[in-house]
There are 2 protein chains.
Amino acid sequence: MNGADRQTRTIAEVAEEFGVTHRTLRYYEDKGLISPERRGTQRIFHPRDRVRLGLVLRGRRLGFPLDEIATIVNMYDQQPGEKGQLEYLLSQIDDRRADLEQRRADIEAALAELQTLERRCSEQLRELTRRS
Amino acid sequence: MNGADRQTRTIAEVAEEFGVTHRTLRYYEDKGLISPERRGTQRIFHPRDRVRLGLVLRGRRLGFPLDEIATIVNMYDQQPGEKGQLEYLLSQIDDRRADLEQRRADIEAALAELQTLERRCSEQLRELTRRS
DNA sequence: GGCGCGCTTGACGTTGACGTCAACGTAAAG
DNA sequence: CTTTACGTTGACGTCAACGTCAAGCGCGCC
């Protein structure tokens, strides 16, 4: 029982798995994005830490600043809470959604333009190869 | 004839229109993202500059680094070029598209999770208000 | 012709997100 | 028990993307 399906990981394994450096993981811990258990002085990564890290890195791929990512991932593991808390959380969710939908619109516009450009290019290319 | 439909703009007007600062526009010029005409020492922004700026800012909203944005927007106003050029451009387009599609997938995953979270929240909220 | 307003160019400062290096602990292996 | 590999904590360095002065130019107006 020391295969890839055991529950806990070292920092090096996690870094390897997610394609980040040791330094990045420490930085994320400083910023409160992850909080792996400590066995003595060493970090122990549990599955939940790796799930969180996955969320964080997705946020990073999307270009969100780390402090925004922090508020987002912290939305996911909150206690039920009282009414005001819940309403605040719901409003936060709406803000995030608006942001994401803006980004999706930007992406689709960009993809559409790329497609147009590609058509023009391959058109040109056909022109050239036909005349040669 | 000095309304908002005249063709040329000052730096202050463009900054206002796009919600950026004077400094940002100068920085983008340094980086070759825009290249407004000069009347003496002053910058004159033509419609094409504003179109380019729009593309640049969309790239920025998407979290692309400025030098990547530079290569992207420069793809758009290239001369027809020769065969090698065109093939290179087509490969670049493919790279960009792959990136954008990854981002779109990330965004849709994030939106789906937000929706799940929102359902859980409003569920909880209904629980609370029902018992009060 | 002096005044102010907008524009311009340096130049240095700042912030976020790490990279990198030094110095040290620790645990398993020979 | 020493080596060796891996882990840890500072601390400083770096790079992108601007912010923020300071100092000066040009020009329209009273």
Side-chain angles (χ1 to χ4, degrees), chain A residues 1-2 4 6 8-46 49-50 52-74 99 106, chain B residues 1-2 4 6 8-46 49-50 52-74 99 106:
Chain A
M1 73 145 272
N2 224 22
R6 73 199 185 300
T8 69
R9 305 285 162 95
T10 83
I11 191 172
E13 290 164 344
V14 175
E16 161 78 8
E17 177 181 358
F18 287 91
V20 299
T21 70
H22 164 162
R23 179 69 176 91
T24 299
L25 293 176
R26 270 190 52 215
Y27 186 66
Y28 289 176
E29 185 178 3
D30 273 19
K31 295 287 164 177
L33 292 171
I34 52 180
S35 33
E37 187 201 339
R38 295 301 185 101
R39 188 107 62 209
T41 164
Q42 310 214 168
R43 294 169 174 80
I44 310 272
F45 288 81
H46 291 270
D49 298 316
R50 293 158 63 210
R52 269 184 80 100
L53 182 56
L55 289 175
V56 169
L57 293 180
R58 193 179 66 195
R60 185 175 80 164
R61 282 196 304 274
L62 291 176
F64 286 102
L66 289 189
D67 53 355
E68 276 193 49
I69 295 179
T71 73
I72 297 175
V73 298
N74 288 333
D99 191 337
D106 283 336
Chain B
M1 73 147 270
N2 224 22
R6 73 200 186 299
T8 70
R9 304 286 161 94
T10 83
I11 191 172
E13 289 164 345
V14 175
E16 161 78 8
E17 177 181 357
F18 287 91
V20 300
T21 70
H22 164 163
R23 180 71 176 87
T24 299
L25 294 177
R26 270 190 52 214
Y27 186 66
Y28 288 176
E29 187 178 2
D30 273 20
K31 295 288 165 176
L33 292 171
I34 51 180
S35 32
E37 188 200 337
R38 294 303 183 98
R39 188 107 60 208
T41 164
Q42 309 213 168
R43 283 170 252 258
I44 310 272
F45 288 81
H46 290 270
D49 298 316
R50 292 157 64 208
R52 269 183 80 100
L53 182 56
L55 289 176
V56 169
L57 293 179
R58 192 179 66 196
R60 187 175 80 164
R61 283 197 303 274
L62 291 175
F64 286 102
L66 289 189
D67 53 355
E68 277 194 48
I69 295 179
T71 73
I72 297 175
V73 297
N74 288 332
D99 190 337
D106 283 334

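Proteins come first, then strands; the chains are lettered A, B, ... in the order of their sequence lines, and each starts at number 1.
Rounding to whole angstrom units, CZ of residue B:Arg39 and C1' of D:dG28 are separated by 17 Å. Taking atom OH on B:Tyr27 and atom P on D:dG19, their separation rounds to 11 Å, with Å as the unit. A:Leu53 has its CG atom 11 Å from the P atom of C:dC18, to the nearest Å. Rounded to an integer number of Å, the gap from A:Glu68 CD to C:dT15 C1' is 15 Å. Atom P of nucleotide C:dG16 and atom CZ of A:Phe64 are separated by 17 Å, given to the nearest angstrom. For the pair B:Leu25 CG and C:dT8 P, the computed distance is 10 Å after rounding to whole Å. Here C:dC7 presents its C1' atom at 17 Å from CD of B:Glu16, a figure rounded to the nearest Å. Whole-Å rounding puts the A:Arg26 CZ to D:dA11 P distance at 11 Å.
Mapping A:Arg60 and A:Thr41 onto DNA chain C by nearest heavy atom places A:Arg60 closer to the 5' end of the strand. Residue-to-nucleotide proximity on DNA chain D shows that, of A:Arg23 and A:Ile44, the 5′-proximal contact is made by A:Ile44.
Within the 3.5 Å criterion, the main-chain N or O of B:Phe45 finds no donor-acceptor partner in the side chain of B:Arg50.
The shortest distance between the side-chain N/O atoms of A:Thr21 and the OP1/OP2 oxygens of C:dG19 is below 4.0 Å. Regarding contacts with the backbone of D:dC6, every side-chain N or O of A:Thr10 stays at 4.0 angstrom or more from both OP1 and OP2.
Counting non-hydrogen atoms of other residues, nucleotides and ligands closer than 6.0 Å to CZ of B:Arg38 gives a total above 12.
Using a 4.5 Å cut-off on side-chain heavy atoms (C-beta onward), A:Tyr27 and A:Leu33 make no contact.
You'll find that the side chain of A:His22 is closest to D:dT9, out of C:dC18, D:dT9, D:dC18. Distance from the side chain of B:Gln42 is smallest to C:dC7 among C:dC18, C:dC7, D:dC18. Each of D:dC18, C:dT8, D:dT8 was ranked by its minimum atom distance to the side chain of B:Ile11; first place goes to C:dT8.
Closest heavy-atom contact between A:Ile44 and A:Asp49: O-OD2, 3.7 Å.
At the heavy-atom level, B:Arg38 lies under 4.0 Å from the strands shown only through sugar-phosphate atoms. Nucleic acid contact class of A:Arg43 (heavy atoms, under 4.0 Å, all strands): sugar-phosphate only.
For the side-chain contact (heavy atoms from CB on, under 4.5 Å) with A:Glu13, the lone residue among A:Arg9, A:Glu17, A:Glu16 that qualifies is A:Arg9.
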